[in-house]
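Excluded from the calculations below are hydrogen atoms, water molecules and symmetry mates; all remaining heavy atoms, backbone and side chain alike, are included. For the single chain, residues carry numbers from 1 onward in sequence order.
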Amino acid sequence: MAIAHAVSGRAVSVLPYGAGLAQQPSTALFKTERLEVMRLVLLRGKSLPTHKVTGVITVQCLEGVIDFTSDDGNQQLRAGDLVYLDGGVAHSLTGVEDASALVTIALCK
């Protein structure tokens, strides 16, 4: 079954998954010509290898702990932390604990 995307003007919950986190997939909440928003689930020890995106991004940790590495070094993101990166900056993420994050990408055309 396909996951429904957000609809313009309708609220979407990004509350922590809590005890059910490990059973949740990463999901794209919506994508337009200029903006993509997704909920990323990173279980403990799982990684997104080093990569770059063209547009500006933000990663907001919603729950758990994420190891975030970029050209500026390494830091741990905890619930409530948000990091912003200019486009083209190499970065990687690893779940230190089971975690979820809200990721936004400004798409360049």
Side chains of L42 and I66: does their closest heavy-atom pair fall under 4.5 Å?
-> yes

Closest heavy-atom pair, D98 versus A22, reported as atoms and distance to 0.1 Å, is OD2-CB, 4.1 Å

Applying salt bridge (Lys or Arg N to Asp or Glu O under 4.0 Å) to E63 and not counting sequence neighbours gives R39

H91 side chain near H51 side chain, heavy-atom distance below 4.5 Å: yes

Minimum side-chain heavy-atom gap L35-L107 below 4.5 Å
no

What one should report as the nearest heavy-atom pair of L102 and V14 is CD1-CG1, 4.0 Å

CG (D67) and CG (L93) are apart, to the nearest 0.5 Å, by 8.5 Å

Going by chain and number, the hydrophobic cluster around L21 (ILVMFWY, side chain to side chain under 4.5 Å) further includes Y17, V41, L43

The reported gap from OG in S100 to CG in L15 (rounded to nearest 0.5 angstrom) is 10.0 Å

Under 4.5 Å between side-chain heavy atoms, hopping through other hydrophobics if needed: is there a path connecting L48 to V103? yes

| query | Can you check whether P49's main-chain N or O pairs, donor with acceptor, with S47's side chain at less than 3.5 Å? | reply | no

Output for pair (Q76 CD, T94 OG1), nearest 0.5 Å, gives 10.5 Å

For L77 and V65, what are the C-alpha separation, side-chain angles and deciding distance, and is it a side-chain contact (heavy atoms from CB on, under 4.5 Å)?
-> CA-CA 6 Å; L77 303 178; V65 181; over 6 Å; no

When you measure from the side chain of T27 to the backbone of L29, do you find a donor-acceptor pair of N or O atoms at a distance under 3.5 Å? no

query: Any side-chain heavy atom of M38 within less than 4.5 Å of one from I105?
result: yes

F30 versus V7: any side-chain heavy-atom pair under 4.5 Å? no

Distance col, row F68:CZ vs C61:SG, nearest 0.5 angstrom, shows 11.5 Å

Per-pair distances, 0.1 Å, donor-acceptor, side chain in residues 79-88, under 3.5 Å, sequence neighbours excluded:
from: D81; atom 1: OD2; to: R78; atom 2: N; distance (Å): 2.9
from: Y84; atom 1: OH; to: D86; atom 2: OD1; distance (Å): 2.3

